[in-house]
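Down below is the structure, laid out as C-alpha cells.
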Amino acid sequence: KLGLEVGKEEDFSRWYQQVLTRSDMLDYYDISGCYIIRPWAYHVWQTIQEFFDKKIKTLSVKNCYFPMFVSQRALEQEKDHIEGFAPEVAWVTRAGSSELDEPIAIRPTSETVMYPYFAKWIRSHRDLPLRLNQWCSVVRWEFKNPQPFLRTREFLWQEGHCAYIDKAGADSEARAILAFYKSVYEYLLAVPMIDGVKSEKEKFAGGLYTTTIEGYVPATGRGIQAATSHNLGQSFSKMFNVVVEDPNSPANANGDAAKLNVWQTSWGLSTRTIGVMVMVHGDDKGLVMPPRVSEIQVIIIPTGLTTKHTDKDRALVHNACLDLVSQLTKVDIRADADLRENYTPGFKYNHWELKGVPIRLEIGPKDLEKNSVLSVRRDTFAKASLPLENIEETIANLLETIQSDMLAKATRERDAGVRMVLSWDEFVPALNNKCLCYIPWCNTSECEDAIKERSSRAEVGDEPQDEKAPSMGAKSLCIPFNQPTNPPLVPGETKCIQCGNLATVYGLFGRSY
Ligand SMILES: O=C1CCCN[C@@H]1CCCn1cnc2cc(F)c(Cl)cc2c1=O
Ligand SMILES: [Mg+2]
C-alpha cells in the first residue's frame, strides 16, 4: 500500500514513523531504539558531512578516530560529571564465553577517551591550538521511548574537541562552529534556528558555557535542540591535567615557569538533523526534501501514452525522458527517469511525492510536439509548462527557488509559533497553543525549576497523554543572542514573569524533545 494512512495533524508520531518507513528513509530493527538508515536518508547525512567537513577545515580542524571502547577507569575519571549519565552507559562484559576481567564501556561521547591523550600530546604552548574532530557513532542506552533520528540508542554524529592557550581562542571557535551548525540547518535543510546560550541548569555540567541552536516543530509546538557547541573552560584540562607552561609569565626564582591549564571546546551535531528536516517540511503526502540534500532533485515521468499510441510513440517519449536526464545530469542536477512499465503515471506521482522529490517533470507525446514539459513542484504542487529550450537553467533556477521558498515558509511558521509572553497567565495558554515563548526572566535555576513545575499539566486521569497534548513542563531552550527588543527589557525595571524579581534576560522557553 502506497501513501500515508495517517495525517500529520491527525497523529503526529504515527505520521512521522510512517513517512520515514514508506519513503524508504529508515527501517525498524529488532533491538529497541536502533534503526537502519537507508540510502534515501543516508544521502542527507553524507551531504551534511561533506558540507560541515569543508567548513571545519577552514578552521584547521583535523579529522581523526579514537576507539569506541572506554575503560571503566577512564570513564570514571570525571566521576562527578557522569554520575547523572551512568544509567545510560552500555557495557561490554563478555567476549565469547569468557567474562572480561574489567567491563568495557561503549563510548557515549569521547571526552574521557580523548583527553588523557590531550594531556600526553600537549606539553608546550607550541602544541596549541589542537583541533580534532571525529565522525563516528555513540551509544546511550536511553530509557525514554525511542524516536527514529530524534532519540536512538546508537546515533551517528561528529564530535569536535579542541584546546587553546586562552579563553578568547575557545570563545571564538565555539561561536564559529555554532554558526556552521546554523548554516547546516538553514542553508542545507531549509530549517530556521534560534541561536543562544543555555541556562546554567541546561548547560553541559562539565563546561563553562554551552551555546546552542534551537529548532521549532510547528506540528507539535515543541522546541528541539539541534546542535551544541561548548566552551569547556579549564575544568576538563584540570581534571585530565592538560597543562602547558604559561608563555606570558616569566619563570620564577628557581626557573620554572607558571603552569597553565588549556582552554577547551567541544561540539556535536548528529543524525537528529534528519529527523528535524522531516518533521518541519513533511506533509500529508510524505517527505518534502530540500533540493540541496535530496538524492534525486528531478524525477522525469512519461505520461499521456495510451493504448492508441504505437511502440514508436512510446520509444520517442522514453528517449526524450532519457535525453532530459542526461542534459540535467551534465549540469550537476541530480535527475532520474521512472520508466517502469508496470506502474501507471499516477502511481509514480504518488511514489515520488512520498519520497519528497523536489521537482517532477511529466513528458508525453503532446509535450514533444510543443517541445515543452510539465513541471510540478513538490513543496507547493504548483504546475508550470516549461519550454525544453534552455531547460537546464530553468530547472536550476527552480531548484534554487524551491530551496529558498522552503526556508521562507518554515521561517514564517516558526515566527508564528514563537510569542512574546509578558505575564504568567499568558504562558501556559501559549504553550497549549503550540508556541514557544520569549519571557522576561531572572535567569536563576530555582525559577527555571518553578517554571517547569508550574507549566507541566497534571496527567488527566491515567490515560496516556497523546503527542498533541504533551504533559511535560516548559524548559528553558536558550537565552537568545538576539534578544527581543519589542518591548525592550528595561534592566532594573522589567520583572521576571514567574517570580517577580528583576528580569535580566529574555529567555526562550517551551516544551521540547
Ligand atoms: O555535547 C557534546 C558535544 C560533543 C562532545 N560531547 C559534548 C557533551 C556531551 C554531554 N554528555 C551527553 N551524554 C552523556 C551520556 C553518558 F552516558 C555519559 Cl558517560 C556522558 C555524557 C555526556 O557527557
Ligand atoms: Mg541524553
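This chain uses plain numbering: 1 for the first residue, then up along the sequence.
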(request) Quick one: pull up CZ in R378 and NE2 in H281 and give me the separation to the nearest 0.5 Å. (result) 12.0 Å
(message) Measuring from atom NZ of K182 to atom CD1 of I177, what distance do you get when rounded to the nearest 0.5 angstrom?
(response) 15.5 Å
(message) Please report the interatomic distance CG(L398) to CG(L361), rounded to the nearest 0.5 Å.
(response) 8.5 Å
(message) Is it the case that the side chain of D367 and the backbone of G364 share a donor-acceptor pair, with hydrogens and angles ignored and the cut-off at 3.5 Å?
(response) yes
(message) If the threshold is 4.0 Å, N to carboxylate O, is there a salt bridge linking R414 and E214?
(response) no
(message) Going by side-chain hydrogen bond (donor to acceptor under 3.5 Å, both in side chains), name the residues that satisfy it together with S110, two or more places apart in sequence or in a different chain.
(response) Q134, E159
(request) In plain terms, say whether E142 and R153 are close enough for a salt bridge, that is, a side-chain N and a carboxylate O under 4.0 Å apart. (result) no
(message) Run the side-chain contact (heavy atoms from CB on, under 4.5 Å) test against D53 and tell me which residues pass, sequence neighbours left out.
(response) I56, K57, N63, N133, W135
(request) Check the angle between the aromatic planes of F347 and Y343 and answer parallel, tilted or perpendicular using the 30° and 60° thresholds. (result) parallel
(message) Whether R222 engages the ring of Y216 as a cation-pi pair (distance to the six-membered ring centre under 6.0 angstrom, angle to the ring normal within 45°) should be assessed.
(response) no
(request) Hey, could you give me the CG/CD distance between L477 and Q225, rounded to the nearest 0.5 Å? (result) 9.0 Å
(message) Is there a side-chain contact between P358 and V298 in this structure, where contact means two heavy atoms from C-beta onward sitting under 4.5 Å apart?
(response) no
(message) A cation-pi test, strictly: NZ or CZ of R175 under 6.0 Å from the centre of the six-membered ring of F481 and no more than 45 degrees from its axis. Yes or no?
(response) yes
(message) Using side-chain heavy atoms (C-beta onward) and a distance below 4.5 Å, is V373 in contact with E362?
(response) no
(request) Examine Y181 together with F52 and report whether their ring centres are nearer than 6.0 Å. (result) yes
(request) Decide, yes or no, whether a salt bridge links D24 with R38 under the criterion of side-chain N to carboxylate O below 4.0 Å. (result) yes
(message) Counting the benzene-type ring for Trp, do F51 and Y187 have ring centres under 6.0 Å apart?
(response) yes
